[in-house]
Amino acid sequence: MLEIEDLHVKIGDREVLHDIDLTIREGETHVLMGPNGSGKTTLLRAIMGFSGLEVTKGTIRFKGKDITGMPIHERAKMGIGMLFQRPPTVSGLKLGKLLAVTSGDRAGMVSEYARFLHMDGFMDRAINLGFSGGEIKRSEVLQLMVQQPDFVMLDEPESGVDLENITLIGNAIARLLEKDVHIVNRKKSGLVITHTGYILDYLDADFGHVMCDGVFRCHGNPREILKVIKTSGYKECLACQKI
Amino acid sequence: MPEDLGKMSELSPEDREKLTLTGLEVEMKNREGSFFQVDQEIRQWTSLNEGIEVLPIHEALRKYDWLSAYSWNLVKGDKDQYTKYVADQPEPRGFVIIARKGSKTIYPLQACLFLARSPVQHVHNIIIAEEGAELHIISGCASASYTKTGSHIGVTEFYVGKGARVTSTMIHNWGEEISVFPRSAARVEEDGVFISNYVCMQPVRKVQMAPFVELAGRNAVALFSSIVVCTPGSNMDLGSVARLTAEGSSAELVTRAITTGGTIISRGMIEGVSRHTKGHIECRGLILRDGVIHAIPEIKGNVVDTELSHEAAVGKIARDEIEYLMSRGLDEDVATATIIRGFLDVKIAGLPNALQAQIDAAIDAAERSGF
């Protein structure tokens with residue numbers, strides 16, 4: 001599904017991602033952990049194709065195609081979707097209007113998804129304007145459910161969300177990633193940034209990666225990695241010489 | 001009384017289309033009254049509501065002696081060269097609308113002021129909503145497709161009685177070399193509500209206006225909204241002035257301005273004269289192509305217990321907003337247009353659906369033409 005090879009990314013004059021290799025196959029969910037400022041969000045933004053950063057070396061391939069220089073909307077159309085940790089407020093643009101534009105042949109499903117996420121009362125509200133932390137994340141997940149991407153990137157889906165909303169969001173994300181589908185038939189893949197690991201209760205992630213200072217310091221079982229981080233912090237990862 | 005509703009349909013298809021874009025219903029569907037003036041010739045006037053009278057001003061002044069006290073009362077004839085020009089006319093033209101006590105309109109009355117062959121069109125309008133009346137007016141102002149130059153000077157005096165509610169929606173569709181100088185003022189009595197909307201999405205050489213409202217009665221409310229797109233060569237000097245004279249009164253002045261190369265000056269002034277008054281000015285401007293948006297919000301408080309505020313923001317569409325929508329699959333042009341459409345999408349509380357739909361249609365037309 002996604003193959004990243006020898007990726008180097010600069011922001012301004014500073015290289016913030018170095019020598020990144022990552023392969024995510026169809027049906028897999030990967031978890032990305034790491035201290036604040038280690039480059040996790042930058043990696044997601046580079047995969048989505050946002051401006052403000054520059055890929056100086058390496059390639060990003062999606063579904064077998066090199067998308068390294070492709071515009072954002074074409075990547076989205078190919079099947080990449082992203083849940084933003086802090087999405088911008090688009091004042092004036094109603095959530096319902098955006099969903100009407102993006103839903104295409106899934107227009108009939110918008111109401112059902114909105115009810116599922118308790119967002120049916122938000123259709124006439126400007127996107128993210130005055131939304132609480134939980135409402136922002138529910139709005140993000142709703143947009144992704146309407147978009148139905150094949151590869152879902154989730155940037156801290158549980159941050160700023162209360163426990164009740166985490167259950168709701170966790171279940172919705174599990175639907176997005178086809179966790180209810182037998183592993184053999186599962187097509188959707190994901191890359192999830194988490195600090196707390198709460199979201200893993202809903203996702204059954206397959207692989208975990210730790211990023212520090214723009215490089216991967218560990219790959220392995222996500223729950224094992226999380227246990228080490230919770231016990232010893234990231235210093236254990238920094239000291240680790242496995243990779 | 002001439003009631004030939006077909007008069008407007010005598011216009012060319014092109015001009016009918018121009019009028020339709022200003023919200024005029026040539027076939028009078030969903031309208032409770034109408035007034036139609038071409039240059040200085042009043043072609044048609046009618047009211048389908050028994051509680052509401054629509055008359056040409058010269059006839060109204062002849063018919064009602066008391067009306068002279070309302071004429072040149074809120075707008076002074078010597079205010080400036082434009083009011084003086086209108087006041088000096090031996091044969092005044094324009095309309096008078098009187099909504100009798102307790103009368104209500106469900107659908108709006110429409111006033112069409114059409115500039116065809118005269119170099120100058122002048123109108124003087126008086127609108128009176130008596131106690132408890134509810135009146136909705138849509139004024140569509142346009143010039144004929146063959147009219148390249150000219151000026152329109154319109155003086156309008158609004159009297160909003162105790163507990164009355166008046167909405168006035170003005171949609172302009174002039175030509176590139178037409179200059180427009182509306183001069184209007186309103187007085188709102190106790191518990192009265194005055195909602196004034198101005199929409200101009202099409203080229204115009206110059207528009208200059210600063211409607212004034214005095215909230216003269218306790219708890220009177222005024223809301224002014226301006227939604228404009230200013231094209232290259234256009235110059236719009238738009239303002240609204242509200243004086244919170246009575247206790248408990250409030251005013252809100254909202255502007256959404258886009259320039260694609262023209263110059264917009266957006267003024268707003270609220271003066272809190274009495275206690276327990278509130279006023280807010282909001283001006284947001286988008287510069288899509290090099291042009292000028294100059295926001296000048298002013299607030300002046302004269303007493304304790306008046307709460308006045310303003311916010312103004314001028315700039316371009318934020319890149320992160322465009323890319324956010326692109327990440328949902330919209331290409332850059334569609335993402336940009338979607339944000340612009342949202343920017344202009346001001347829903348005006350208290351405005352009848354038919355009039356909101358008319359404003360939306362004017363914006364839709366501008367959106368289709370790529371702003």
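Computed from a predicted structure; not experimentally measured. We name chains A, B, ... by the order of the sequence lines, and we start the count at 1 in each one.
Remark: the backbone N or O of B/C230 is paired with a side-chain donor or acceptor of B/T260 at under 3.5 angstrom.
Between A/H30 and A/H209, the angle of the ring planes stays under 30°, which puts this pair in the parallel group of the 30/60° scheme.
Because its NZ or CZ atom is both nearer than 6.0 Å to the ring centre of A/F116 and within 45° of the ring axis, A/R175 counts as a cation-pi partner of that residue.
With a 4.5 Å cut-off on non-hydrogen atoms, B/I317 does not touch chain A at all. The contact between B/R284 and chain A is made entirely by side chain atoms (from C-beta outward), counting heavy-atom distances below 4.5 Å.
Annotation: maximal heavy-atom pairing with chain A below 4.5 Å, among B/R256, B/E323, B/E321, B/R319, occurs at B/E323.
Inter-residue side-chain proximity for B/V346 and B/I359 is flagged as unmet; no heavy-atom pair is nearer than 4.5 Å.
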